[in-house]
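Heads up: the structure comes next, in structure tokens.
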Amino acid sequence: MDGIAAVVAVLFAVVGVVYGWRSGAISKASDVPKLMAEGVRQMAPVLVLFFAIAQFLQYFDWTHIGDVVAVNSAEALRTSGVPIWVVFLAVLALLSVVNILVTSGSAMWAIAAPVVVPMLMLLEVPAETTQALFRIADSGSTSITPMSPYFIMALGFLQRYRKDAGIGTLASYTLPLAVCMTLAWTLLFFAWWTLGIPLGPGAPVR
């Protein structure tokens, strides 16, 4: 596994060069570096995002602040006697709000997982169940946040048919979808959790 990145890179390079040559995008060897540079330029925002995430996670590792927050939060919830389903709803609400600001699922998981997963595990909630809660939050509010590039793309399509449409117009159209989607997924989750159906092989829901 240590060398898998090199294998994947060579595989993608060979396939890309063959496709470019057959499609006519590559006519000479000097075209390959130019196309590779264009690919890196398109990936630049993602690379910057993951650089910031890497720093964030490293600070978590150095300071152990994630462990401190998770343990203290779990202890506070345990002593308060709050029902676990209320904790689930609170986690869903928190992650849904965060998802409006951080639209990348991988970025939000990198930020939230170091705290939420151990906190709920200390409350005897499997990590797989926390992942299910995360996916519900990540799927709902994405459709109403202007921070998402897909939201802006959808706005461009909408403006083809309604020239005066703006961010508020599109958000008003997608808000019922976001609410219904979140409610439907939440009800399905609680039904699944109440019945105790495993989320997968060796992955109990509770």
Measure across [X] and [Y] and return the closest heavy-atom pair with its distance rounded to 0.1 Å.
X   : Y   : value
D31 : A25 : OD2-O, 4.2 Å
G20 : S23 : O-OG, 3.3 Å
G16 : I26 : O-CD1, 4.4 Å

Next item on the list: Kindly determine whether F189 and L92 satisfy side chain to side chain contact (heavy atoms under 4.5 Å, CB included), including the steps that lead there.
Entry: CA-CA 11 Å; F189 168 81; L92 274 173; 5.6 Å; no
Check: Any donor-acceptor pair under 3.5 Å linking the side chain of T182 with the backbone of V179?
Finding: no
Next item on the list: Could you tell me whether a side-chain N or O of D138 sits under 3.5 Å from a main-chain N or O of F134, the two making a donor and an acceptor?
Entry: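 Answer holds: no.
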Would you find more than 12 non-hydrogen atoms of other residues, nucleotides or ligands less than 6.0 Å from [X] atom [atom1]?
X    : atom1 : answer
E38  : CD    : yes
F190 : CZ    : yes
M181 : CE    : yes

Are [X] and [Y] connected, step by step, through hydrophobic side chains (Ile, Leu, Val, Met, Phe, Trp, Tyr) whose heavy atoms are closer than 4.5 Å?
X    : Y    : answer
M36  : F12  : no
V86  : F88  : yes
W21  : Y19  : no
L195 : V125 : yes

Do [X] and [Y] come within less than 4.5 Å of each other through their side chains, counting heavy atoms only?
X    : Y    : value
W192 : L199 : yes
L133 : L120 : yes
V32  : L35  : no

Between [atom1] on residue [X] and [atom2] on residue [Y], distance to nearest 0.5 Å:
X    : Y    : atom1 : atom2 : result
M121 : T130 : CE    : OG1   : 8.0 Å
T194 : W85  : OG1   : CH2   : 11.5 Å
I136 : L188 : CD1   : CG    : 7.5 Å

Notebook entry, point to check: Is there a side chain to side chain contact (heavy atoms under 4.5 Å, CB included) between V87 and I84 once you walk through the steps?
Noted result: CA-CA 5 Å; V87 176; I84 192 62; 4.1 Å; yes
